[in-house]
Structure formats: structure tokens, C-alpha cells
Amino acid sequence: MASNEPASVRAFREWFSANGGSIHEDAYFEREKSGMGVYAKKGISSGQTIVSCPISLAVTDQVARDYLVAVLSDPHQVLEKWSSRELICSYIVMHWVSQEVDPEENSSRPKPLHRPYLDILPPAPNLKTPLQFTDAEIDLLKGTNLHGAALDRIEERSKEWKRCLSLIRETSQKWADAFTWERYKTAATYLSSRAFPSSLLSSSPSLSDPNSTPVLLPGVDSLNHSRGQPVSWVVSNLSNAPTEERLAISLVSRADIHPNSEILNNYGLKSNAELILGYGFALPKNPEDTLVLKLGSSSVRHEITRSGDGIEEVCQELALVLKQQLAEESIEDWDLDLEVLDRFKEMMEVVSSKLYHAGARVEEPEGDVQADVRQMMLTYIAGQLDVSKVILQSLDERWQKALQVAEEQGVEVEF
Ligand SMILES: C[S@@+](CC[C@H](N)C(=O)[O-])C[C@H]1O[C@@H](n2cnc3c(N)ncnc32)[C@H](O)[C@@H]1O
């Protein structure tokens, strides 16, 4: 219960409410493997606000830029080119850097503002996205879509870190020494696993605005995810003054919450690949899983769903490729269909075999591989295999139909 909450949570609550935030009186934080979970002391009925964060407490790119402009030497032109992620990650890392290198209370430099918030976030060893994977863990993903995506993610973040580091170094070598890759990865993981789109802060909150930037909302981001959990976002005015600073974003539960049960959020419909890359967890039998297929050197990316959406598009692309290869030669439609299905099936046999091999490697209890990462990968690979079975089954059904068409035209197909 609240009185048994860790000291960091008590400090967070104090800071949060002193700055206009509020947490439902029957909600309490409990330490768990991934960080914190939020639970209900008593039943909480649908329609109640669970947590409300003033927009003035949000970590936005503007907050990050203002701080960096104040502490760095001559940053203006360079900061203009930084992405929202670079700004926010650097702002987060500077909390640890300034505490370590510049700890005196009376230092004239401005202090970053979100220390009590960062103190309740999961420590680096609890984070499990590919940014934290060991080389052995990354290697286990070979043969899956996630392998390339994980390597790309690491390379992108590493480039960002180096860019940020070089500006920090111009101000202080000591700061640069403390602005480590490990810390940047932790900040980037906080952002990928906890950020909300800035479009949520507008008067008509939306989760899908392409121009939106990532924003951290202390307290609101403390809830774990449950697929389909009914919640809503409400932008409200904390006082009568209609200024931006007085606005707050609240998470409202749209389901009754039972005593002692976890209070959950809904992060939206995400595949296990997205969940692993950004959040470091996977859901068993996730209905949002997709298998990504690309034909040869084609740049077209086909995402096949568990219900088989996307298969037809692969067949169409294969048919185009085949027609180009045949050039002037004419081919009956049923013959083209069978040829397409043959090629698709061959491709799927390779894909499935790579997935089976990846699964078998992950099951071997060897190497520098954490048990929870191993389990997460098995869940992911099982989902990939499920989709590949859906595809193979659909190809068989399509094969039968194409044969029937051939027969109706009096053709006997030889194998
Ligand atoms: C926005 S935070 C949620 C609160 C978090 N547990 C904390 O300590 O603050 C997202 C992180 O919580 C964990 N998480 C959320 N939902 C989860 C779920 N359904 N299963 C496993 N881990 C989950 C993951 O580590 C994820 O990166």
C-alpha cells in the first residue's frame, strides 16, 4: 500500500503533487521486474481519473532544448538540427551527468527538472530491448525479421549518441566522459517504451498524427499495457486560467478495477516485433503479429497478418516479376498462378526453415542469454511461425483452386 511504497516513489509523489499532478487516492505503486506496476487498493469504478499530469511537467523537446541552450556553450545552430529524440535523450542523460560531475547545490548552472521522475523509472539492467541485448542475444535473432531491425536500431541510436556527445564535449570534457553510450541507450529506451505522441496534448487528443513528436508524461506512463484495455485520454484545465501551463492530460479508466488488481493502460495495437524493439516485452499469441516478406532485391515490404492479409499482394508482385522474366512468351492465367504459388511456397519453405532454426538455437540453454530475453524471443518466433503456417495453408488452398481452373479448361497438370 502507499505507506510501503519505495522512498523513490514517495519522493516522486511529493514532487508530482507539488507541481500540480495527481494520482487516484486508491492507486499504489509496487516494484516489479520491469520497474513499477500500479495497483488498486480498493475497487475503482469506471470513469474515474487514475492519473493526471500537468503539461508543464511533461518532458518535451522544448523543455529539453531550453535546458541544453542554458547549459551548453554556443549550442544554438547545432541544436536546431537535433531531432526531438536527440534533444530529449540528451536532456535525460544530463540529469545523471550533472549529478555526477557537477553535484554542488550552489553550482550556478541550471539543474534539469525531472530527477524525481527519472528516479522511479526501471534501472538499466531491467531494460530488455535490443539496445540492451548482448551480442549472443542479437545473434539468436538471425533468420528473423527482428535481426536486421535490431541492428539498424542500434546503429541509428549510436550515430545519434555520437552527434550529441560531440556538442557536449565542446562545453566540458568531464561531461562528455559521463555522457556514456550506456546512459544514452537507457534514455532512448525510456523514450521508446514510455513516450506519448505530442498530438495527445492537443484539445482533440489523437494517437496518430504524423507530425507529432515524442513526449514523456510522468506518472501517466507508470501503467503497464494490456491489449484492448478500455481507457481514455482527457485534456483538461487545472484551473480557470486558460493558459497552456494549466492544461493537464489525464488517463481515465473505462472499466471497473477490482481491489488489489493492476491498473492497466492500453498502448495500442502493436506486434511483438514492435513491442520487443521499443518496449522489451512480447505478448503470447499476439493477434497483431505480422511476418515481413520482401522479394529478392525489391524494396516493397509486405506485412502478412495472422488472418492472411498481404498474401495476395505478394502473389501479385511475384506474378509481375514472372511476367517480366517471360518477356514475350505467353502464359495461361492458371499456369502463371501455379508458377507464382510454386515460387511463393519455395520462399516460405526457406523462411520457415530459418525460423525453426532460430527457435531451436534460442531453446539451447547456452551463451550469454538472459532467461527473460530467451522467453521473449521464443514468444516472438512462435508468432512468426504461426503466420508462416497461415501463409503455407493459404498457398495450398490457392494451389487447389488454380488446379481446378486448369482442369475446367481441360488441362492436365503434370508435376
Ligand atoms: C510505460 S512503462 C510501464 C510501467 C513500467 N512497468 C514502469 O516501471 O514504469 C513500459 C514498460 O513496462 C513494461 N511492461 C508494460 N506492459 C507490460 C506487459 N504487458 N508485459 C510485460 N512488461 C510490460 C515493459 O518493460 C515496458 O517497457
Side-chain angles (χ1 to χ4, degrees), residues 5-13 15-16 21 23-24 27-40 50-51 53 57-59 88-89 92 114-133 150 153 157 185-197 200 207 214-231 233 249 251 253 255 257 261-289 370-380 383:
E5 286 176 334
S8 58
V9 172
R10 293 202 298 275
F12 168 75
R13 279 182 179 276
W15 169 82
F16 194 54
I23 299 170
H24 193 286
Y28 65 96
F29 288 64
E30 199 162 274
R31 216 188 280 286
E32 55 175 33
K33 243 174 143 198
S34 70
M36 298 282 174
V38 180
Y39 290 80
I50 304 302
V51 53
C53 173
L57 271 191
V59 183
I88 294 176
C89 288
I92 292 174
H114 289 85
R115 180 94 218 178
Y117 163 57
L118 295 182
D119 284 348
I120 64 162
L121 304 193
N126 294 27
L127 303 175
K128 306 288 174 186
T129 73
L131 287 183
Q132 285 78 33
F133 283 1
R153 180 65 60 101
R157 296 298 167 272
K185 283 193 294 181
T186 300
T189 307
Y190 288 161
L191 202 57
S192 68
S193 64
R194 326 184 68 89
F196 297 86
L200 207 58
L207 282 170
V215 170
L216 291 169
L217 296 172
V220 178
D221 66 358
S222 293
L223 307 184
N224 285 322
H225 166 70
S226 173
R227 186 178 180 276
Q229 181 74 19
V231 294
W233 300 96
I249 180 109
L251 182 93
S253 174
I257 302 160
S261 64
E262 186 169 5
I263 308 175
L264 292 156
N265 188 5
N266 178 352
Y267 301 175
L269 302 177
K270 297 193 187 311
S271 69
N272 277 339
E274 286 174 276
L275 287 175
I276 293 174
L277 264 185
Y279 298 79
F281 71 96
L283 299 175
K285 294 268 169 213
N286 186 343
E288 264 57 61
D289 279 337
Q370 302 164 84
D372 44 7
V373 171
R374 200 184 287 285
Q375 188 49 53
M376 179 165 78
M377 288 182 184
L378 286 174
T379 303
Y380 163 71

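Whatever order the structure lists them in is the order used to number ligands and atoms, beginning at 1. Below, each value reflects all heavy atoms present in this structure, side chains not excepted, and no hydrogens, waters or symmetry copies. Positions are given from 1 along the sequence.
In terms of protein heavy-atom proximity, atom 26 (C) of ligand 1 is nearest to Tyr279 O, 3.5 Å. In this structure, the protein non-hydrogen atom closest to atom 16 (N) of ligand 1 is His225 N, 2.9 Å. In terms of protein heavy-atom proximity, atom 5 (C) of ligand 1 is nearest to Met36 O, 3.4 Å. In this structure, atom 9 (O) of ligand 1 lies nearest to the protein heavy atom Arg194 NH2, 2.6 Å. The nearest heavy-atom contact from the protein to atom 25 (O) of ligand 1 is Ser34 CB, 3.5 Å.
Contacts between Leu223 and ligand 1 below 4.0 angstrom, taking non-hydrogen atoms only, involve the backbone exclusively.
Here Glu5 does not pair with Arg31 in a salt bridge; the nearest charged N to carboxylate O distance is not below 4.0 Å.
Between the side chains of Gln229 and Asn265, no donor N or O sits under 3.5 Å from an acceptor N or O. No side-chain donor from either of Asn272 and Glu288 sits under 3.5 Å from a side-chain acceptor of the other. A side-chain N or O of Asp221 and one of Tyr117 form a donor-acceptor pair less than 3.5 Å apart.
Between Arg227 and Pro287 the shortest side-chain heavy-atom distance falls below 4.5 Å. Under the 4.5 Å side-chain criterion, counting only non-hydrogen atoms from C-beta, Tyr279 is in contact with Lys270. Looking at Phe281 and Ser193, their side chains never come closer than 4.5 Å, going by heavy atoms from C-beta outward.
Using a 4.0 Å heavy-atom cutoff, Leu121 is absent from the residues neighbouring ligand 1. Note on ligand 1: Glu32 sits in its first shell, one or more heavy atoms being nearer than 4.0 Å. At least one heavy atom of Ser222 lies less than 4.0 angstrom from ligand 1.
One option in Phe29, Tyr190, Tyr267, Phe281 has a heavy atom closer to atom 17 (C) of ligand 1 than any other, and that option is Phe281. Of the candidates Asn126, Asn224, Leu127, Asp221, Asp221 brings a heavy atom nearest to atom 1 (C) of ligand 1.
Atoms of ligand 1 lying under 4.0 Å from at least one heavy atom of Gly35, given by number and element, are 8 (O).
Listed for the Asn266 side chain is no donor-acceptor partner under 3.5 Å among the backbone atoms of Val231.
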